[in-house]
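The structure appears right after this line, and notes come after that.
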Amino acid sequence: MKNKKHIDKRPSWDEYFLEMAALVSKRSTCLRRSVGAVLAREKRILATGYNGAPSGLKHCIEVGCMRQKLKIPSGERHELCRALHAEQNALIQSSLHGISVKGATLYATNQPCVICAKMLINAGIKEIVIAQGYPDKMAMDFLRQAKIKVRKI
């Protein structure tokens, strides 16, 4: 009986990778939203990323948030953010280490924005699993057109 109870508590692969993305998000330095991303293929983690400033630059937690100061709504004017998104950082990390993400699944705490969606499409991501939404309809339209399955768990 003890083993049965353990098996009942064991997370599915989707739950496991989403929990990993939530853990990764704790490294975020964004003042508005902490996001984590995990790229996985064949039940193996390829790369992770969280939202924060480029390497060597000061983070929003140190210098403040320009988007917040300008009262820019969530999901708009991404170019005015000093941080890279979690999905971008995961793609960059895989590239830096020579890891192909073609055919991989992205697990993320939030739905990707349109900029990240375009990058994920071109990187060959086949599926996206998210924990929460994001106010960017165009991103979902692009992902649908690219036939990338998006599931919210």
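All values below come from the heavy atoms of this structure, side chains included, with hydrogens, waters and symmetry mates left out. This is a predicted model, so every value here is computed, not measured.
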Cluster overlap [X] with [Y], hydrophobic side-chain contacts below 4.5 Å:
| X | Y | value |
| --- | --- | --- |
| Ile92 | Leu46 | no |
| Leu84 | Leu106 | no |
| Trp13 | Val38 | yes |
| Val150 | Met119 | yes |
| Val63 | Leu31 | no |

With rounding to the nearest 0.5 Å, note down the distance linking [atom1] in [X] to [atom2] in [Y].
| X | Y | atom1 | atom2 | value |
| --- | --- | --- | --- | --- |
| Glu15 | Ile153 | CD | CD1 | 7.0 Å |
| Ser94 | Lys102 | OG | NZ | 14.5 Å |
| Thr105 | Ile125 | OG1 | CD1 | 7.5 Å |
| Glu62 | Arg82 | CD | CZ | 8.5 Å |
| Ile130 | Thr109 | CD1 | OG1 | 9.5 Å |
| Glu79 | Arg67 | CD | CZ | 8.0 Å |

Could you tell me if the side chain of [Y] sits less than 4.5 Å from the side chain of [X], heavy atoms only?
| X | Y | answer |
| --- | --- | --- |
| Met140 | Gln111 | yes |
| Asp14 | Arg151 | yes |
| Leu70 | Leu80 | yes |
| Leu91 | Leu120 | yes |
| Lys118 | Phe142 | yes |
| Gln88 | Cys116 | yes |
| Ile115 | His85 | no |

Could you go through Arg33 and Tyr134, starting from their C-alpha distance and side-chain angles, then the distance that decides it, and tell me whether this counts as side chain to side chain contact (heavy atoms under 4.5 Å, CB included)? CA-CA 11 Å; Arg33 184 187 310 262; Tyr134 186 72; 3.6 Å; yes

If you draw a 6.0 Å radius around CD in Glu42, do more than 12 non-hydrogen atoms from other residues or ligands fall strictly inside?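 Counting other residues, nucleotides and ligands, CD of Glu42 stays at 12 neighbours or fewer.
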
Does CZ in Arg44 sit with more than 12 non-hydrogen atoms of other residues, nucleotides or ligands closer than 6.0 Å?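 It does not: Arg44 CZ has 12 such atoms or fewer within range.
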
Only one of Leu39, Val129, Ile45 forms a side-chain contact (heavy atoms from CB on, under 4.5 Å) with Phe17, so which one is it?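 By the side-chain contact (heavy atoms from CB on, under 4.5 Å) criterion, Phe17 pairs with just one of Leu39, Val129, Ile45: Ile45.
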
Where [X] and [Y] come nearest, the two heavy atoms and their spacing:
| X | Y | value |
| --- | --- | --- |
| Ala108 | Ala21 | CA-CB, 4.3 Å |
| Ala139 | Pro112 | CB-O, 3.4 Å |
| Val24 | Gly49 | CG1-O, 3.2 Å |
| Cys60 | Thr29 | CB-O, 3.6 Å |

Could you walk me through whether Lys126 and Lys147 pass side chain to side chain contact (heavy atoms under 4.5 Å, CB included), step by step? CA-CA 8 Å; Lys126 68 168 184 167; Lys147 296 181 176 37; over 6 Å; no

Got a donor-acceptor contact below 3.5 angstrom from the [X] side chain to the [Y] backbone?
| X | Y | result |
| --- | --- | --- |
| Arg41 | Ser100 | yes |
| Asn51 | Val35 | yes |
| His59 | Gly52 | no |
| Asp136 | Val114 | yes |

Is a side-chain donor-acceptor pair under 3.5 Å present for Ser74 with Arg32?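 Distance-only check fails for Arg32 and Ser74.
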
Going by atom types alone, do Asn89 and Tyr50 pair a side-chain donor with an acceptor below 3.5 Å?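 Looking only at side-chain atoms, Tyr50 and Asn89 do not form any donor-acceptor pair under 3.5 Å.
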
Step by step, work out the side chain to side chain contact (heavy atoms under 4.5 Å, CB included) result for Lys26 and Ser34. CA-CA 7 Å; Lys26 292 181 179 186; Ser34 296; over 6 Å; no

